[in-house]
Trainee: 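Sending over a structure as C-alpha cells; questions will come in a sec.
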Amino acid sequence: MTIRIGTFQGTASEWDAFVRAQTAWTHFHLAGWRHIYEEVFGHEYIALEARSAEGSIVGVLPLVRVRSLVFGHYLVSMPFVNYGGPLGEAG
C-alpha cells in the first residue's frame, strides 16, 4: 500500500468522520481542538494526515507546537489533556 504523509488539507468534517470511525478515538482527537490550542493557548496546531493512493485518509496525528521558557520548544500531541496521539487504520 502506498501512503502519502503530509499536512492535513481536508475539511474539519472529513477529519472528524475519520476520527469517529476509529475504535481508539476520543473527543480530544476532534478538529474543534485546533481553535482551542490556537486561540485560547496561543500555540500552533499542526494536523498531519496519511492518505492512501486512492486519496482516503488512513491515519491522522494532531500536534501542537509548545514554546515554554521553562521546558523549551517542542511538538506534542494534545498537551494539557489526557488523551490524543495518532489514529490509523490497521493495514
Trainee: Apply side chain to side chain contact (heavy atoms under 4.5 Å, CB included) to Ser68 and list each qualifying residue two or more places apart in sequence or on a separate chain.
Mentor: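 Partners of Ser68 under the side chain to side chain contact (heavy atoms under 4.5 Å, CB included) test: Val70, Phe71.
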Trainee: Looking at residues at least two apart in the chain, or sitting in another chain, which of them share a side chain to side chain contact (heavy atoms under 4.5 Å, CB included) with Ser13?
Mentor: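 Side chain to side chain contact (heavy atoms under 4.5 Å, CB included) check on Ser13 returns Thr11.
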Trainee: Among Ile, Leu, Val, Met, Phe, Trp and Tyr joined by side-chain contacts under 4.5 Å, find the other residues sharing a cluster with Leu69 and list them by chain and number.
Mentor: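 Members besides Leu69: none; it forms no cluster.
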Trainee: So, the side chain of Trp25 versus the backbone of Leu30: is there a donor-acceptor pair under 3.5 Å, distance only?
Mentor: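 No.
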Trainee: Classify the angle between the aromatic ring planes of Phe8 and Trp15 as parallel (below 30°), tilted (30 to 60°) or perpendicular (above 60°).
Mentor: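 Phe8 and Trp15: perpendicular rings.
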Trainee: Spell out, yes or no, whether Ile36 and Val60 are grouped together once hydrophobic residues are joined by side-chain heavy atoms under 4.5 Å, including indirect joins.
Mentor: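 Ile36 clusters together with Val60.
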Trainee: Give the table of side-chain donor-acceptor pairs shorter than 3.5 Å for residues 40-48, with sequence neighbours excluded, one pair per line with atom names and distance.
Mentor:
{"residue": "Glu44", "atom": "OE1", "partner": "Arg65", "partner atom": "NE", "Å": "2.7"}

Trainee: For the residue pair Ser77 and Pro62, what are the closest heavy atoms and their distance?
Mentor: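 Scanning both residues completely, I find the closest heavy atoms to be OG-O, 2.7 Å.
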Trainee: Name all residues meeting the side-chain hydrogen bond (donor to acceptor under 3.5 Å, both in side chains) criterion together with Arg4; count only those two or more places apart in sequence or in a different chain, and write none if there are none.
Mentor: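 Listed in chain order: Glu49.
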Trainee: Can you see which heavy atom on Phe18 is nearest to which on Leu87, and at what distance?
Mentor: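 Heavy atoms only, the tightest pair is CE2-O, 3.9 Å.
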Trainee: Hydrophobic clusters here meaning ILVMFWY residues chained together by side-chain heavy-atom distances under 4.5 Å, can you tell me if Val76 and Tyr37 are in one?
Mentor: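 Yes, same cluster.
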Trainee: Working to the nearest 0.5 angstrom, can you tell me the gap between Thr23 OG1 and Glu89 CD?
Mentor: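 Answer rounded to 0.5 Å: 11.0 Å.
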Trainee: If hydrophobic clusters are built by linking Ile, Leu, Val, Met, Phe, Trp and Tyr wherever their side-chain heavy atoms come under 4.5 Å apart, do Tyr74 and Leu61 end up in the same one?
Mentor: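 They do not share one cluster, since no chain of ILVMFWY contacts under 4.5 Å joins Tyr74 to Leu61.
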Trainee: Quick one: do the Glu54 and Ser56 side chains pair a donor with an acceptor below 3.5 Å?
Mentor: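 No, no side-chain donor-acceptor pair sits under 3.5 Å.
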Trainee: Who are the side chain to side chain contact (heavy atoms under 4.5 Å, CB included) partners of Ile3, not counting sequence neighbours?
Mentor: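 Met1, Ile5, Ala50, Val58.
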Trainee: Write down the atom of Val19, the atom of Thr26, and the distance for their closest heavy-atom approach.
Mentor: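 Here Val19 and Thr26 meet closest at CG1-O, 4.4 Å.
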